[in-house]
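A quick write-up on the structure given underneath.
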Amino acid sequence: MKQHLHHPVFKIISKIAGETNLQAYAIGGFVRDIFLKRPSKDIDIVVIGNGIDFAEKVAKKLNVKLAVFKNFGTAQLKYQDLEIEFVGARKESYRLDSRKPLVENGTLEDDQKRRDFTINALAISLHPDTYGELLDPFGGMADMEQKLIRTPLNPVETFSDDPLRMMRAIRFASQLNFRIDDIAVAAIKANTDRISIVSQERVTDELNKIILSPIPSIGFNYLFDTGLLHKIFPQMVTLYGVDYIDGKGHKDNFYHTLQVLDNICTTTDDLWLRWAAILHDIAKPATKRFEPGHGWTFHGHEDKGARMVPKIFAQLKLPLNEKMKQVQKLVQLHLRPIVLSQSIVTDSAVRRLLFEAGDDIEGLMLLCKADVTTKNEYKVKKYRQNFDLVQQKLKDVEERDNMRNWQPPITGLDIMHLFGIKEGREVGIIKNQIREAILEGEIPNSREEAIEYTILKGTEIGLKVVERI
């Protein structure tokens, strides 16, 4: 293990451990990530004794500032590219109504027992006498080899004590492509109601980490199968299932959504594009209708879905800012490129899409490509060819007409000056006419042409030019 402790900070910690005759260990995620070959800049050091006193000695030796959190019994310092947290070894007990533990001093084994998973309970000794020795009392190394998420102690107790650990188990499974131990899965199912004592912010933080994992469907399948998703995001659960009438069924929109999510993850790491994939069909259950002779329809699901986005973001404590508006816009527009790809694409239709999508046009096209989940290779090929045509058309029209994030070439103030009128109905009518004329290609997207068109339209409703602009 010594080869993995090459950073000079470990030698300094080891020297102080020897001088103070205290045992100190690197523990948790840093040790786990050594074996997973993942870079890690966060190091947890557990000291058998006073962690804050030990940290003060290390900070003095390194000549860096130390942040002390006495309420938590921890101290943190930054050195070069590392963030190092020190804590005294402790054992914990829990009350039923809180995930905040009652803490008392303990041994290394006590500290390892309180860890959430065996792969996070690995420790490396930093004391000079045993420097580099690996301590693995719960078989974390074997679990990593088997790609298994397992708890050091009884999982029912582990998850009941701190229910956020259920979300963390699923997050690690999704991030690492590991399997959760069957006994642990059963324990999550038995403890789903306990998630209610965890703050929504903490739950959503773990949910976002699942969404940002390489294959998020791994996590969402665990969330659904254990019943956790029903507690934390019930709107998504309503997508599940297939109804049949007259032998006709629709696709299962839950698994379709997971496929779209996995698809978009191959092209973007953007959290909000991934949320758009999750929510693009969220209103299908509410808009589902059966039309005899035709089959199942979901008319208007994009409009209703867009209206649902703010409520869902508020419920999940996601930001109610431009990110929410971006997701809302993508949900609203997600059918538009598909419709364009199925018909002869007019410049007018492309201009309107550019006008409405603005800077989100690339993200919209990624979402639409991800939305193709058919297993029919011919259909997939045809869709992709048509999308390529739409994208080329978007590029051509954008270069020629400059429609992205379009601003009218003349403003309401210009119209008021031109005709000597006050703000009112006539100004709104003319502004709409200018926008429609440009979108339809009747006039170019230029100020000069727009002024002449404004004069023409103003004259038609009885206005006279009083000042040229």
Side-chain angles (χ1 to χ4, degrees), residues 33 36-39 147 149 167 170-180 204-225 229 233 236 239-240 251-282 284 302 305 309 318 323 326-342 353 357 359-395:
D33 286 343
L36 294 175
K37 296 181 170 56
R38 300 201 314 174
K147 296 192 168 188
I149 304 292
M167 295 290 296
I170 291 169
R171 186 247 292 184
F172 278 118
S174 203
Q175 286 179 331
L176 303 175
N177 197 5
F178 276 25
R179 181 176 67 83
I180 302 175
T204 296
D205 184 53
E206 291 297 330
L207 186 61
N208 280 338
K209 288 174 181 175
I210 291 168
I211 293 167
L212 286 169
S213 62
I215 308 173
S217 62
I218 293 171
F220 275 97
N221 277 314
Y222 271 121
L223 287 172
F224 181 84
D225 293 344
L229 195 64
F233 191 6
M236 192 172 178
L239 291 166
Y240 176 79
K251 64 188 170 192
D252 188 310
N253 288 302
F254 178 76
Y255 292 112
H256 164 72
T257 294
L258 294 191
Q259 184 61 61
V260 175
L261 177 58
D262 284 351
N263 286 350
I264 206 166
C265 290
T266 64
T267 58
T268 180
D269 293 328
D270 188 297
L271 175 63
W272 309 109
L273 284 182
R274 294 183 180 204
W275 263 110
I278 291 167
L279 296 176
H280 79 287
D281 279 348
I282 199 69
K284 276 195 168 179
E302 69 282 12
V309 169
L318 288 162
K323 301 301 183 187
Q326 178 193 5
V327 173
Q328 192 174 28
K329 184 198 291 184
L330 293 172
V331 172
Q332 176 80 60
L333 297 177
H334 80 271
L335 293 182
R336 292 280 288 282
I338 293 172
V339 172
L340 286 181
S341 72
Q342 292 171 336
L353 185 58
D359 277 341
D360 294 312
I361 189 67
E362 284 87 1
L364 179 62
M365 293 305 292
L366 289 179
L367 175 58
C368 290
K369 285 182 179 177
D371 200 10
V372 180
T373 59
T374 176
K375 299 289 189 289
N376 184 318
E377 282 300 319
Y378 171 75
K379 282 186 178 178
V380 171
K381 188 177 179 183
K382 186 181 173 189
Y383 270 126
R384 285 184 179 152
Q385 286 173 341
N386 288 348
F387 275 133
D388 288 342
L389 289 173
V390 171
Q391 280 194 293
Q392 187 57 50
K393 195 83 169 177
L394 285 165
K395 186 181 176 194

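Contact of the Leu333 side chain with the Glu302 side chain is not registered, since no non-hydrogen atoms from C-beta on lie closer than 4.5 Å. Here the side chains of Leu353 and Pro337 are in contact, with some heavy-atom distance below 4.5 Å. Side chains of Val331 and Trp275 form no contact here, defined as non-hydrogen atoms less than 4.5 Å apart. No side-chain heavy atom of Ile282 sits less than 4.5 Å from a side-chain heavy atom of Val309. Side-chain contact between Tyr383 and Asn376: absent, with no pair of heavy atoms (C-beta onward) separated by less than 4.5 Å. Asp33 has its side chain out of reach of Pro39: every pair of non-hydrogen atoms, C-beta onward, lies at least 4.5 Å apart. Contact check for Tyr222 versus Ile149: no side-chain heavy atoms found under the 4.5 Å cut-off. At a threshold of 4.5 Å between non-hydrogen side-chain atoms, the residues Met236 and Leu223 do not count as touching.
Nearest approach of Ser217 to Leu258, heavy atoms of both residues: CB-CB, 4.1 Å. Closest heavy-atom contact between Ala357 and Leu364: CB-CD2, 4.3 Å. Closest approach of Ile218 and Ala173 over heavy atoms only: CG2-O, 3.8 Å.
To the nearest 0.5 angstrom, Asp205 atom CG is 9.0 Å from Met167 atom CE. We find the CG-CZ distance between Asp262 and Phe220 to be 10.0 Å, quoted to the nearest 0.5 Å. In this structure, CD1 in Ile264 is found 11.0 Å from CG in Asp269, a value given to the nearest 0.5 Å. Separation of atoms CG (Leu335) and CG (Leu367) is listed at 9.5 Å; rounding is to 0.5 Å. To the nearest 0.5 Å, atom CZ of residue Phe233 and atom CG of residue Leu207 are 7.5 Å apart. Thr268 OG1 to Asn263 CG: the interatomic distance, rounded to the nearest 0.5 Å, is 13.0 Å.
Residue pairs meeting the salt bridge (Lys or Arg N to Asp or Glu O under 4.0 Å) criterion with at least one partner in residues 367-382, sequence neighbours excluded, are absent.
Taking Asp388 as the reference, nothing meets the salt bridge (charged side-chain N to carboxylate O under 4.0 Å, His left out) condition, with sequence neighbours excluded. Residues meeting the ring pair (Phe, Tyr, Trp, His ring centres under 6.0 Å) test with Phe254, sequence neighbours left out: Phe224. Residues passing the side chain to side chain donor-acceptor pair (under 3.5 Å) test with Thr257: none are found, sequence neighbours excluded. Under the salt bridge (charged side-chain N to carboxylate O under 4.0 Å, His left out) criterion, Glu206 pairs with Arg171, sequence neighbours left out. Shown here are the salt bridge (charged side-chain N to carboxylate O under 4.0 Å, His left out) partners of Asp252, two or more places apart in sequence or in another chain: there are none.
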> Given the rule in the side-chain contact (heavy atoms from CB on, under 4.5 Å) test, do Gln392 and Lys395 qualify, once you have shown the distances and angles that lead to the verdict?
Replying inline: CA-CA 5 Å; Gln392 187 57 50; Lys395 186 181 176 194; 4.2 Å; yes

>> I'd like to know whether Phe178 forms a side-chain contact (heavy atoms from CB on, under 4.5 Å) with Leu36, so could you lay out the CA-CA distance, the side-chain angles of the two residues, the decisive distance to 0.1 Å, and finally the verdict.
In response: CA-CA 12 Å; Phe178 276 25; Leu36 294 175; 3.9 Å; yes

>> Before you tell me yes or no, could you show the steps for Cys265 and Arg274 under side-chain contact (heavy atoms from CB on, under 4.5 Å), namely the whole-Å CA-CA distance, both residues' side-chain angles and the distance that decides it to 0.1 Å?
In response: CA-CA 7 Å; Cys265 290; Arg274 294 183 180 204; 3.2 Å; yes

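The main-chain N or O of Lys284 is never found under 3.5 Å from a side-chain atom of Asp281 such that the two would form a donor-acceptor pair. The main-chain N or O of Arg179 is never found under 3.5 Å from a side-chain atom of Lys147 such that the two would form a donor-acceptor pair.
For the pairing with Ile170, the side-chain contact (heavy atoms from CB on, under 4.5 Å) check across Ile180, Asp225, Asn221 returns one residue only, Ile180.
Within a 6.0 Å radius of CZ in Phe387, other residues, nucleotides and ligands contribute more than 12 heavy atoms.
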